[in-house]
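A note on names: the letters A, B, ... follow the listed sequences, proteins ahead of strands, and every chain is numbered from 1. The figures here come from the full heavy-atom set of this structure, side chains too, leaving out hydrogens, waters and symmetry mates.
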Amino acid sequence: MIRFTNTLSGAKEPFVPLVPGEVKLYTCGPTVYDEAHIGNYRAYMFEDLLKRFLKYSGFRVTHVMNITDVDDKTIRGANAKGVGLEEYTAPFIRAFHEGLAVLRIEPADVYPRATAHIPDMVRIIKGLLEKGVAYRKDGSIYFKISRFPDYGRLSKFDLSELRPSGRIESDEYEKESIQDFALWKAPKEGDPVWETEIGPGRPGWHIECSAMSARYLGQPFDIHCGGVDNIFPHHENEIAQSEAFAGRPFVNYWLHCHHLIVDGEKMSKSKGNFYTIPDLVQTRGIDPMALRLLLVSTHYRKVLNFTFEALDQAAAGLRRIRDFLFELETRAFPAGSSPEIALLLVDTRAKFDEGLADDLNISISLTALFELIRRVNVLIKEDRLAAGDAIAVAAYVYSLDGVLGIMPPRPGERDLPAELRAKVEAREKARKARDFSLADKIRKELAAAGVVLEDTKDGVRWKIVRTSGGS
RNA sequence: GGCGCGGUACCCAAGUGGCUAAGGGAGAGGUCUGCAAAACCUCGAUUCGCCGGUUCGAAUCCGGCCCGCGCCUCCA
């Protein structure tokens, strides 16, 4: 049984999809006004783990991730640069997809863009007006919170106790109640304007998610994810719009991940602790898979403290997994297989699956993997592992890649360029001739190229220790 | 002030009433090795933010306190 912590109830609940075997998933994507940072990717990584685990568990998953390409910040950015909205957001959208690819985050089925779904939003706003849940004021349209008694259920905010913050005072739009939020914004100097049957203007922020989730997933659907900072107001408002419009529930399970901080502090450009994928991978030469393991291995409901030490630790863990596979693939084992290993794999699988099934408790799952590695390493050391065992264990570990996404390419998919291969052979010759200084010199050259040599009693073997990043 | 997360070894982190408090990293010593790498073995928290309480028994339950973090109207 799979269980998730549902923000709606605040408790761990058994996960039961609306349609057996199928999961409809909506995750809040980027607002493309700037380059995404590793904190943003932490959320996408959590969602990737969730989706991969659901698929691994046998569900068919339909995943929708929105791209917010019209809002205050994108408009401001485009105006500042003197270009159109589309021209302004295009490079950020491209960079976002590149970041996903570098981190091996599986693509969503659809990436709907807000600007391409204005008619869907208009239809909902029109419906809300007709029901009297929305009202017009100075060309804008607002959602009337007083008409939605359930408001605050997700964030557990009591409206009467909401403390006004500075932002309310600076709001440029007139509303009946400060808690009402904009569905549609009246045309303003410099804003893009859509001519629609509810009048000219542009959409508010929250309406796109209500409109696009309904279009691609229906209502209700199973799981909606995002960062904790989206709980209020964004997700609360989505619920209000969608449920008031359709008269039925919006989402069954809300899953939210916590933030990523850097060295114990919030990441911000002014502090200089603001990292993007290219910063780490291209500029600093970080293995993207180490970053992936780091992001994925901290439980999603805990704050992730990003440090370079933690990144090194993740890289070390990754190395242990890779070296283990390398061992299984490059050693000569005696023929046969043992029931002991078959049993060990059954136990490992049970523990691994159980961990993730319990609200994505990945620590348990990784422990299961590392325990398998340690036990099999002992057997290798004692010459008790047979060829069939090695194949079975390696196949199992690779199968986990469906969930973890960190494994190296399989043996057939990796090779050394001819020049490096020649160096490996040259070193072997030197070593046989006991010219160790030449042998060590070549070893160093190979190391600089990211290739590590290991001398075993069965001869030399090489492994690639750096995954080339990005481009 | 409200709502929500968290505080377990040098670092990351599991464990929510009971066998010796998982696992990974780093460190120290050892085996192996031309050197190295990997692997293996050994060592490492009498103790879980603090103080009380409940209990035969508490990291785990209850009460109080301290500390860190997030959200509180367009932030993942």
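Contacts classified as side chain to side chain donor-acceptor pair (under 3.5 Å) and involving residues 440-454 of chain A (residues at least two apart or in different chains) are given here: A:K423-A:E445, A:K441-A:E445, A:E454-A:R461, A:E454-A:K463. For residues 308-321 of chain A, no pair satisfies salt bridge (charged side-chain N to carboxylate O under 4.0 Å, His left out), with sequence neighbours left out.
Residues from residues 423-431 of chain A with heavy atoms under 4.0 angstrom of RNA chain B, sorted by number: A:R427, A:R431. Looking at residues 436-443 of chain A, you'll see A:F436, A:D440, A:R443 sit with a heavy atom under 4.0 Å from some atom of RNA chain B.
Each of A:R375 and A:P233 lies near RNA chain B, and the nucleotide nearest A:R375 is the one positioned closer to the 5' end. In terms of position along RNA chain B, the nucleotide closest to A:K302 lies nearer the 5' end than the nucleotide closest to the other residue of the pair A:R42 and A:K302.
A:P288 and A:L103 make their closest contact through O-CD2, 3.7 Å (heavy atoms, listed as atom of the first residue, atom of the second, distance). Across all non-hydrogen atoms, the minimal contact from A:F221 to A:V251 is CZ-CG2, 3.3 Å. Pairing each heavy atom of A:V403 with each of A:R52, the nearest pair is O-CD, 3.3 Å. Here the shortest heavy-atom pairing between A:L50 and A:I223 reads CD2-CG2, 4.2 Å.
Contacts of A:H256 with the nucleic acid, taken as non-hydrogen atoms under 4.0 Å apart, are absent. Residue A:T307 is out of contact with every strand shown, counting any heavy-atom pair closer than 4.0 Å. A:E327 comes within 4.0 angstrom of the backbone, heavy atoms only, and of no base. Looking at heavy-atom distances under 4.0 Å, A:G39 makes contact with a base. Counting non-hydrogen atoms under 4.0 angstrom, A:L294 reaches nothing in the nucleic acid. Note on A:I380: nothing from the nucleic acid sits closer than 4.0 angstrom, heavy atoms only.
One can find a donor-acceptor pair under 3.5 Å joining the base of B:rC35 and the side-chain atoms of A:D455.
You'll find the side chain of A:N273 stays beyond 4.5 Å of the side chain of A:I261, heavy atoms only.
Here A:A108 pairs with A:H63, A:M65, A:Y111 under the side chain to side chain contact (heavy atoms under 4.5 Å, CB included) rule; sequence neighbours left out. With sequence neighbours excluded, the residues forming a side chain to side chain contact (heavy atoms under 4.5 Å, CB included) with A:T31 are A:Y33, A:T68, A:D71, A:T74, listed by chain and number. Under the side-chain hydrogen bond (donor to acceptor under 3.5 Å, both in side chains) criterion, A:T348 pairs with no residue, sequence neighbours left out. In this structure, the side-chain hydrogen bond (donor to acceptor under 3.5 Å, both in side chains) partners of A:S338, at least two apart in sequence or on a different chain, are A:D389. With sequence neighbours excluded, the residues satisfying side chain to side chain contact (heavy atoms under 4.5 Å, CB included) with A:E13 are A:N6, A:S9, A:Y253. For A:S242, the side chain to side chain contact (heavy atoms under 4.5 Å, CB included) test picks out A:S210, A:Q219, A:F250, with sequence neighbours left out.
Between the CG atom of A:L295 and the P atom of B:rC12 there is a distance of 16 Å, rounded to whole Å. The separation between A:I239 atom CD1 and B:rU73 atom C1' is 15 Å, rounded to whole Å. Counting to the nearest Å, the C1' atom of B:rC3 and the CD atom of A:E236 are 11 Å from each other. Summarising the geometry, the separation between CG on A:D263 and P on B:rC69 is reported as 14 Å, rounded to the nearest angstrom. In this structure, A:K432 atom NZ and B:rG34 atom P are separated by 14 Å, rounded to whole Å. Spacing between atom NE2 of A:H234 and atom C1' of B:rC72 amounts to 17 Å, rounded to whole angstrom units. The interatomic distance linking A:R434 (CZ) with B:rC35 (P) rounds to 10 Å, in whole Å. Between the P atom of B:rA37 and the CZ atom of A:R461 lies a distance of 14 Å, rounded to the nearest Å.
Going from the P atom of B:rU55 to that of B:rA14 covers 32 Å, rounded to whole Å. Comparing the same atom, C1', in B:rC48 and in B:rU60 gives a spacing of 10 Å after rounding to whole Å. Taking atom P in both B:rA45 and B:rA39, one finds a spacing of 24 Å when rounded to whole Å. Only the P atoms considered, B:rG44 is 13 Å distant from B:rG23, to the nearest whole Å. Comparing the P positions of B:rC50 and B:rA9 gives a spacing of 10 Å, expressed to the nearest Å. Nucleotides B:rC61 and B:rG17 place their C1' atoms 8 Å apart, quoted to the nearest Å. Between B:rU8 and B:rU16, the distance separating the two C1' atoms is 13 Å to the nearest Å. The gap from the P atom of B:rC40 to that of B:rA26 amounts to 13 Å, rounded to the nearest Å.
In the set B:rC69, B:rU73, B:rG2, B:rC69 carries the atom at the smallest distance from any side-chain atom of A:V303. Comparing B:rA14, B:rC3, B:rA76 by their nearest atom to the side chain of A:K156 picks out B:rC3. Which of B:rC5, B:rC72, B:rA38 sits closest to the side chain of A:H258 comes down to B:rC5.
For A:N40 and B:rA76, the shortest distance from a side-chain N or O to OP1 or OP2 is below 4.0 Å. Between A:N377 and the phosphate of B:rC40, there is a side-chain N or O to OP1/OP2 separation shorter than 4.0 Å. An OP1 or OP2 oxygen of B:rG68 is reached within less than 4.0 angstrom by no side-chain nitrogen or oxygen of A:N305. Phosphate proximity of B:rC32 to A:K381: absent, as no side-chain N or O sits under 4.0 Å from OP1 or OP2. A close approach under 4.0 Å does occur between a side-chain nitrogen or oxygen of A:T31 and OP1 or OP2 of B:rA76. At least one side-chain nitrogen or oxygen of A:K266 sits closer than 4.0 Å to the OP1 or OP2 atom of B:rC71.
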B/S/- along nucleotides 18-29 of chain B (protein heavy atoms under 4.0 Å) is ----BSBS----

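Note: A:H224 and A:Y26 have tilted aromatic rings, judged against thresholds of 30 and 60 degrees for the angle between ring planes.
Side-chain contact annotation: A:H117 with A:D120, donor-acceptor N/O pair under 3.5 Å absent.
Atoms NE2 and CZ, on A:H258 and A:R301 in that order, are 7.5 Å from each other to the nearest 0.5 Å.
Separation of the A:F306 and A:Y275 ring centroids falls under the 6.0 Å cut-off.
Where pairing requires Watson-Crick or G-U contacts shorter than 3.5 Å, the helical stems of RNA chain B with at least three consecutive pairs are B:1-7 with B:66-72, B:10-12 with B:23-25, B:27-31 with B:39-43, B:49-53 with B:61-65.
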